[in-house]
Colleague: 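One structure, pasted below without further comment.
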Amino acid sequence: MQKLPFNTVLIANRGEIAVRIIKTLRDLELRSAIVCHELDAGAPAVSMADMAIAVSGRTPVSAYLDTAQIIAAAREANVGAIHPGYGFLSENAEFARTVVESGFAFVGPTPESIQLMGDKIRARNFVQRNGFPVVPSAIEEDDPATFILRARSIGAPLLVKASAGGGGKGMRIVRDLDTLEQAIAQARSEAQRYFRDGRLYIERYIEKPRHIEVQVLGDSFGNVVHLFERECSVQRRFQKVIEEAPASTLSPGLRERICETAVDIARAANYRNAGTVEFIVDGEEFYFLEMNTRLQVEHPVTEMITGIDIVAEQLYVAAGHELRFSQQDIVSTGHAIEARVYAEAPARDFAPTTGKILVLDYPGGPGLRIDIGISQGQQITTAFDSLLAKVIVHSRTRDGAALKIERAMRGLVLLGCETNASFLARVLADEQFLSGQVHTGYLDENPQLAAGESACDLSTFLAAAALLTRPVREAADAVPELHASLGDWRNA
Ligand code: ADP
Ligand code: ADP
Ligand code: MG
């Protein structure tokens, strides 16, 4: 194995992705440092890291967006590199530039590629100029005076989008052109609020498309490979909920064309490190959506089918090494599915929930991976993103993976904060999901899936409550009859 030129890496992030990154750092015998807001003091990432450095801010999120404090932490921990994870500063070109200018390796692309591909309008123009397919659109800044006119001429339905958008924020569907101006105003105010950037563009809204994306990896020597595609069509509020690899219903020809297009786009952008090229697929047609110039939430499904640790490759590339494999070396085996466990109430339009994690237990086993960023006793607030954990499975077939993940989801016990876990279990057992015939409107078209019970199964709840209550536990220990009546459950 090649030697890395740094001993310690600072993680400028939190939650499950920070834990995920620390695991690879340990594998590579590197030390980890992490920045930490006081709300995260009890988080697993903070206890796992070799060193934690407190950061603060006017709001908890702003602490993790404070470049000066992060650079100061990197100096204090004497790190050689900074990993930004996803969200926060991961797609901020100015941050990447400051990291490099301060003498640290940035575990991600160059500031120039972030600037080009991290901005949706710029990326879209670049991709179109290079001859790749994009959806018909109107970009406001091209000529603000004719923006509405140009949008109207595309014809309904339309999708108003924020240039700085992410996580499904700042988007509005327009089916009736009379409501276009109102939708623009709403999308702009949401974009201002989330991204402090009100720039908008409008695309033709494709009905019932599939979201297919391609994981790419590039190095500083001009090598670019893809790690196949992921299907992320199961979405709520334009944000992914369940992802899988490979995309089961793509024809081999279409899969090849999409993967090759992604590599061509990355190559044209001189792309280095890990990135994702997202497409929407309408029948046999596909269109570039955006490029995410960072590690993606759903990267584990790709790791499962390829056996490649994407975070390790990110570190090698950031250290200036050449990619350690070529396209022919990358093989896809079996099928992987991921489900995102959010602190939210599916029956209340997926509103974020809060609470203290009283009981946390989850299953393990071959081909089962749980990426989790919370621990028992921790308070879940709305200060941060609502993603708590990801359940990921790998199996020989899609049917096998679906069965395995549905069981794993039912085995996840998380009491104290309402989550979408039961909802996920229902989706994973739903006939339409099992048939693979899903599109991005699937969850909206099946509101019954979100409307059902939200807590854990009652039996699990009662069992956990019984275990927690000392008198019940003592009684269980003392009275043989009770043991007998517990039957198999005792050994479960
Ligand atoms: P992915 O694109 O990796 O599939 P998401 O779209 O859910 O995943 O976004 C990744 C994470 O980053 C989410 O936690 C989301 O809230 C956050 N995020 C995305 N874009 C931004 C942004 N511009 N600013 C802050 N957070 C963002
Ligand atoms: P984000 O940065 O929030 O991930 P994207 O541009 O990737 O924004 O879009 C998020 C989701 O919105 C897509 O996965 C897709 O479901 C939907 N979407 C985006 N653009 C279109 C479009 N033109 N037509 C239909 N759906 C779209
Ligand atoms: Mg996207």
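Note that the numbering runs from 1 along the sequence shown for the chain. Atoms within each ligand, like the ligands themselves, are counted from 1 in listed order. Atoms considered below: every heavy atom in the structure, side chains included; atoms not considered: hydrogens, waters and symmetry mates.
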Colleague: Going by salt bridge (charged side-chain N to carboxylate O under 4.0 Å, His left out), Asp309 matches just one of Arg369, Lys23, Arg20. Which one?
Modeller: Arg20
Colleague: For ligand 2, which atoms, with element, lie under 4.0 Å from some heavy atom of Ile280?
Modeller: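 Checking each atom against Ile280, I get 21 (C), 22 (C), 23 (N), 24 (N).
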Colleague: With heavy atoms of Thr440 as the reference, note each atom of ligand 2 found under 4.0 Å away.
Modeller: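 What qualifies from ligand 2 is 16 (O).
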Colleague: With no hydrogens and no angle check, do the side chains of Gln115 and Arg122 hold a donor and an acceptor under 3.5 Å apart?
Modeller: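 No pair is found: no donor N or O on one side chain lies under 3.5 Å from an acceptor on the other.
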Colleague: May I ask you to decide whether Glu445 forms a salt bridge with Lys208, counting only side-chain N to carboxylate O separations under 4.0 Å?
Modeller: yes
Colleague: In terms of atom number and element, which parts of ligand 2 are under 4.0 angstrom from non-hydrogen atoms of Glu203?
Modeller: 20 (N), 21 (C), 22 (C), 23 (N)
Colleague: Could you give the distance from CD (Glu112) to OH (Tyr271), rounded to the nearest 0.5 Å?
Modeller: 12.5 Å
Colleague: So do the side chains of Cys232 and Glu298 get within less than 4.5 Å of each other, counting heavy atoms only?
Modeller: yes
Colleague: Do other residues, nucleotides or ligands put more than 12 heavy atoms under 6.0 Å from Gln327 CD?
Modeller: yes
Colleague: How is the N/O/S atom of Glu290 that comes nearest to the Mg ion (ligand 3) named?
Modeller: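 Atom name of the closest N, O or S in Glu290: OE2.
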Colleague: Heavy atoms only, cut-off 4.0 Å: how does Lys161 contact ligand 2, side chain, backbone, both, or neither?
Modeller: side chain
Colleague: Out of all atoms in ligand 2, which are within 4.0 Å of some heavy atom of Gly168? Include the element for each.
Modeller: 1 (P), 3 (O)
Colleague: Nearest to atom 13 (C) of ligand 2 by heavy atom, Val134, Leu289, Ile212, Asn292: which?
Modeller: Leu289
Colleague: Please confirm whether Lys120 approaches ligand 2 to less than 4.0 Å, judged on its heavy atoms.
Modeller: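 Flag set, Lys120 near ligand 2.
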Colleague: With a cut-off of 2.8 Å, does any N, O or S atom of Glu278 fall short of it relative to the Mg ion (ligand 3)?
Modeller: yes
Colleague: Show your working on side-chain contact (heavy atoms from CB on, under 4.5 Å) between Leu250 and Glu229 and close with a plain yes or no.
Modeller: CA-CA 10 Å; Leu250 279 191; Glu229 82 287 356; 4.2 Å; yes
Colleague: What do you reckon, does Glu290 have a nitrogen or oxygen under 3.5 Å from a nitrogen or oxygen of ligand 2?
Modeller: yes
Colleague: Look at the rings of His37 and Tyr64 and say which category their plane angle falls in: under 30° parallel, 30 to 60° tilted, over 60° perpendicular.
Modeller: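 The rings of His37 and Tyr64 sit tilted, inter-plane angle from 30° to 60°.
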Colleague: Give the numbers and elements of all ligand 2 atoms closer than 4.0 Å to a heavy atom of Gly165.
Modeller: 2 (O)
Colleague: Can you tell whether the side chains of Glu278 and Arg230 come within less than 4.0 Å, N to carboxylate O?
Modeller: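 No, no charged N to carboxylate O under 4.0 Å.
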Colleague: Just to be sure I read this right, does ligand 2 sit under 4.0 Å from the backbone of Met171, its side chain, both, or neither, counting only heavy atoms?
Modeller: side chain
Colleague: Determine, using ring centers only, whether Phe423 and Phe350 are less than 6.0 Å apart.
Modeller: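 Ring-ring flag for Phe350/Phe423: true, centres closer than 6.0 Å.
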Colleague: In ligand 2, which numbered atoms sit nearer than 4.0 Å to a non-hydrogen atom of Tyr205?
Modeller: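 Per the distance check, 24 (N), 25 (C), 26 (N).
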Colleague: Before accepting this row, confirm whether a basic side-chain N of the pair Arg340/Glu243 lies closer than 4.0 Å to the acidic partner's carboxylate O.
Modeller: yes
Colleague: Could you tell me, atom by atom, which parts of ligand 2 come under 4.0 Å of a heavy atom of Glu278?
Modeller: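 Reading through ligand 2 atom by atom, the close ones are 7 (O).
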Colleague: In terms of atom number and element, which parts of ligand 2 are under 4.0 angstrom from non-hydrogen atoms of Gln235?
Modeller: 11 (C), 13 (C), 14 (O), 15 (C), 16 (O)
Colleague: Has Lys240 got any heavy atom lying under 4.0 angstrom from an atom of ligand 2?
Modeller: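 It does not, in that no heavy atom of Lys240 comes within the 4.0 Å cut-off of ligand 2.
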Colleague: Less than 3.5 Å between some nitrogen or oxygen of Ile206 and one of ligand 2, yes or no?
Modeller: yes
